[in-house]
There are 2 protein chains.
Amino acid sequence: MEVTKKSEYAISALVELGLHPDEYISSKEIARRQNIPPNFLPQIIATLGSRGWVEGVRGPGGGVKLLTPPERITVREVVELIEGPVAITRCLMREGGCSQLGRCPLHSIWAQAQEALLKVLGDTTLRNVVDSHNALHRQANAELAYPRAR
Amino acid sequence: MEVTKKSEYAISALVELGLHPDEYISSKEIARRQNIPPNFLPQIIATLGSRGWVEGVRGPGGGVKLLTPPERITVREVVELIEGPVAITRCLMREGGCSQLGRCPLHSIWAQAQEALLKVLGDTTLRNVVDSHNALHRQANAELAYPRAR
DNA sequence: AAAGTTTATAATGAATATATAATGAAAATA
DNA sequence: TATTTTCATTATATATTCATTATAAACTTT
């Protein structure tokens, strides 16, 4: 229905792949680096593969590789792929979700709120996430090298 | 964790009360009119009462009444009262929600998205919802009286 | 052929959401 | 005072979803 861990894992996996372009990484290794349950990740990767974003090669030396440039994938797209159509309330879901068949007075408010949410996610590309991941790491490494006084 | 039916029921109940100012309506009657599970509503009303928005009077002729003007209650407040602090992802929840202790690159994106969502809900008062409820009803009634040709 | 790996599906346990039921307490009326 | 009506509170049951593990199958390389 909305943003579950599964989506976070998917994004984390894509980020890891984005950090190492054109490299095949086994799902087990991705799971280790990104702290994702190793048995859970394969299903997620399969979904990403069905969308054409990643390619998996089986067998020894195989692994997963990013096919699509990170700037062409938005967080919104990932979430919607993993969760299915996002709906912050039952009211916005298919069929009998809305008690009054789309005429309930809350309908438009939920829709507006959801659109605001999705807009933020849609304006954020995987590239942005990869970059801020890098920034965080640089910062952490600098801190290690030159710790500030406390 | 986020917007469940419970919140919708709460808002619906408040709307019903807002439609009939200064009138005591039994929870059973509210449930009937707004299509809310009748046994579920009392718990919800109790929560609304603890916040001081409604008053319940027991005994024959008793019922529930709105104490606070609808323009002074926002949808956001209702949702947060019913659901507790809203968090669209585990990452934004208390304590160990974020896998990387608040430093994960997704953190700020979730936060932005959530803030966008909450802003819409915070900008909508119960008055707005009551009004659009009225508008919908007027429209439906006009349609009944003077049906358009099809 | 053997080992490692992805892909796909199924099964399970845990948590949460939803709802019902039971009980208790207060107020009004007869 | 007894009875009815109603809110308030708590306990219980059910259903759904989430998260994970487990299993099986297909594929690739060595």
Side-chain angles (χ1 to χ4, degrees), chain A residues 1-10 12-13 17 23-32 35-67 79 82-84 86-91 93 96-97 99, chain B residues 1-10 12-13 17 23-32 35-67 79 82-84 86-91 93 96-97 99:
Chain A
M1 175 172 169
E2 93 211 61
V3 186
T4 68
K5 280 192 182 179
K6 204 171 175 180
S7 290
E8 299 198 22
Y9 292 154
S12 297
L17 291 172
E23 195 174 312
Y24 285 94
I25 312 176
S26 80
S27 85
K28 195 171 288 185
E29 178 62 15
I30 296 172
R32 195 187 60 71
N35 200 29
I36 301 168
N39 291 325
F40 197 21
L41 189 51
Q43 348 178 345
I44 296 169
I45 286 178
T47 305
L48 298 176
S50 74
R51 174 68 185 254
W53 285 334
V54 301
E55 174 198 37
V57 172
R58 313 182 207 207
V64 184
K65 192 182 77 167
L66 193 59
L67 288 182
V79 171
I82 298 291
E83 313 284 347
V86 170
I88 61 168
T89 66
R90 304 272 176 311
C91 190
M93 296 176 76
S99 56
Chain B
M1 176 172 168
E2 96 214 58
V3 186
T4 68
K5 281 191 181 180
K6 205 171 175 181
S7 290
E8 297 197 24
Y9 293 154
S12 296
L17 291 172
E23 194 175 310
Y24 285 95
I25 312 176
S26 79
S27 86
K28 194 170 289 186
E29 178 62 15
I30 297 172
R32 196 188 58 73
N35 200 28
I36 301 169
N39 291 324
F40 200 20
L41 190 50
Q43 329 176 6
I44 295 168
I45 286 178
T47 304
L48 298 177
S50 73
R51 175 68 186 254
W53 285 334
V54 302
E55 175 198 35
V57 171
R58 313 182 208 208
V64 183
K65 191 182 77 166
L66 193 61
L67 288 182
V79 172
I82 298 290
E83 312 284 348
V86 170
I88 61 169
T89 66
R90 304 269 176 312
C91 191
M93 297 176 75
S99 56

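Predicted model, so just to flag it, every value in this text is computed and none were measured. We use all heavy atoms of the structure for the numbers below, so side chains are in, but hydrogens, waters and symmetry mates are not. Order of the sequence lines sets the chain letters (A, B, ...), proteins ahead of strands, with each chain counted from 1.
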Sequence-aligned protein contact record of nucleotides 4-14 of chain C, with B where the base is within under 4.0 Å of a protein heavy atom and S where only the sugar-phosphate is: BBBBSBB----

d(CG, B:L48; P, D:dC7) in whole Å: 13 Å

Sidechain N-carboxylate O distance under 4.0 Å for B:E8, B:K5: no

Distance, rounded to the nearest Å, where A:L41 contributes CG and D:dA22 contributes P: 16 Å

Spacing between B:F40 atom CZ and D:dT9 atom C1', to the nearest angstrom: 14 Å

Side chain to side chain contact (heavy atoms under 4.5 Å, CB included) evaluation trace for A:S26 with A:V64: CA-CA 6 Å; A:S26 80; A:V64 184; over 6 Å; no

Within 6.0 Å of NZ in B:K65, more than 12 heavy atoms from elsewhere: yes

Whole angstrom value for the distance that separates P of D:dT29 from OH of A:Y24: 9 Å

Distance, rounded to the nearest Å, where B:E8 contributes CD and C:dT18 contributes C1': 13 Å

Donor-acceptor contact below 3.5 Å, side chain B:E83 vs main chain B:T4: yes

Length of the line joining B:K5:NZ and D:dT14:C1', which is rounded to integer Å: 13 Å

Nearest heavy-atom neighbours spanning A:L66 and A:W53: CD1-O, 3.6 Å

CG-OG distance between A:L41 and A:S27, expressed to the nearest 0.5 angstrom: 5.0 Å

Distance, rounded to the nearest Å, where B:I44 contributes CD1 and D:dT10 contributes C1': 16 Å

